[in-house]
Amino acid sequence: MKGKEWYQADDIAREYDSKRFSRGGQLIDQREKAAVLDALGPVEDKNILEIACGTGRFTVMLAQQGANITGLDISRAMMQQGREKARRAGVDDRIEFLRADAARLPFPDNHFDAVFAMRFFHLADTPTKFLTEMARVSKNQVFFDTFNDQSLRVAYNWLLPMGSHLYSANDVHRLLDNAGLSLVEANHDFVLPFGFYRKIPNGVAQPFRSFDLAVGDSLIGDDVASVSYWNARVPSATDADTLAAEHASDAE
């Protein structure tokens with residue numbers, strides 16, 4: 001079973017977290033959650049949209065931090081896992097799960113304080129459209145990750161059930177420009193791909209992670225990282241006016 005059918009299957013949803021974020025995958029879960037929290041900053045009472053919320057790993061975490069969050073996904077089975085997770089955590093009153101198309105978000109302009117997507121853009125068939133929609137409904141911030149085209153992920157990419165689109169830094173900069181977003185910060189991580197960590201026990205994974213971080217801190221670290229985290233700003237009306245004035249001045 002491939003593609004969207006695989007992702008929306010009940011048995012895949014039930015086993016999704018245990019297969020990906022147990023064993024050495026715990027390190028991935030911890031790092032991804034830290035990346036989201038670092039980027040979004042204090043989230044108490046913020047209105048946040050998560051694209052491709054899946055089983056609610058980040059959705060529930062942010063609700064526990066005081067955010068009011070909408071989690072959007074195409075899979076009812078995945079979101080059912082998220083609803084159960086939210087109920088167990090006692091934060092279901094702060095979360096709305098919604099099945100919708102990320103290319104046509106059912107929200108007005110500037111509706112959320114921040115919009116983010118994790119584990120999404122490697123599956124996006126129309127990334128420019130998706131990112132433009134994310135920018136449209138956000139007042140301030142858009143945050144997302146990508147898998148990179150010069151990393152070890154290339155070696156096993158074709159084996160993945162849903163495939164995977166890999167990006168260069170230039171690809172992402174073009175996406176940001178087309179969506180009208182300004183890059184604030186980019187961080188790059190995981191020289192060893194996620195699939196490697198998922199196959200080994202957590203205790204064994206930690207020494208490999210230490211090696212991974214050492215390579216990541218070296219001069220070649222950014223070039224060989226398999227994952228990048230992109231924190232972007234939605235320009236304000238003042239920014240837009242300034243940019244328009246600069247363009248007009250350049251044209252004279």
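Positions are given from 1 along the sequence. Just so you know, these numbers use all the heavy atoms, side chains as well, and skip hydrogens, waters and symmetry mates.
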Compute whether any side-chain donor of one residue and acceptor of the other, for Ser151 and Asn148, lie under 3.5 angstrom apart. no
May I ask you to check whether Asn231 and Gln141 show a side-chain donor-acceptor distance below 3.5 Å? yes
Aromatic ring proximity Phe147/Phe121, centre distance under 6.0 Å: no
Please check if the number of heavy atoms outside Gln26 that lie under 6.0 Å from its CD is greater than 12. yes
Aromatic plane relationship, Phe143 with Tyr229 - under 30° parallel, 30 to 60° tilted, over 60° perpendicular: parallel
So which pairs with a foot in residues 201-223 pass ring-ring contact (aromatic ring centres under 6.0 Å, His included), sequence neighbours left out? Phe196-Phe208
How long is the gap from CD1 on Ile69 to CD on Glu50, to the nearest 0.5 Å? 5.5 Å
Could you check whether Arg119 makes a cation-pi contact with Phe194, meaning its NZ or CZ is under 6.0 Å from the centre of the six-membered ring and within 45° of the ring axis? no
Are Val191 and Val204 connected in the hydrophobic side-chain network, where two residues link if heavy atoms are under 4.5 Å apart? yes
Decide side-chain hydrogen bond (donor to acceptor under 3.5 Å, both in side chains) for Asp17 and Thr55; before the verdict, give the C-alpha distance in whole Å, the side-chain angles of both, and the deciding distance to 0.1 Å. CA-CA 8 Å; Asp17 285 0; Thr55 61; 2.7 Å; yes
With Asp29, the salt bridge (Lys or Arg N to Asp or Glu O under 4.0 Å) member among Arg198, Arg23, Arg57: Arg57
Taking 4.0 angstrom as the limit, do Arg99 and Asp73 come out as a salt bridge? no
Evaluate the ring planes of Tyr167 and His165, with Trp represented by its six-membered ring, and classify them as parallel (under 30°), tilted (30 to 60°) or perpendicular (over 60°). perpendicular
Tell me whether the count of non-hydrogen atoms from other residues, nucleotides or ligands lying under 6.0 Å of NZ in Lys129 goes above 12. no
So, for Phe107 and Phe112, is the gap between ring centers shorter than 6.0 Å? yes
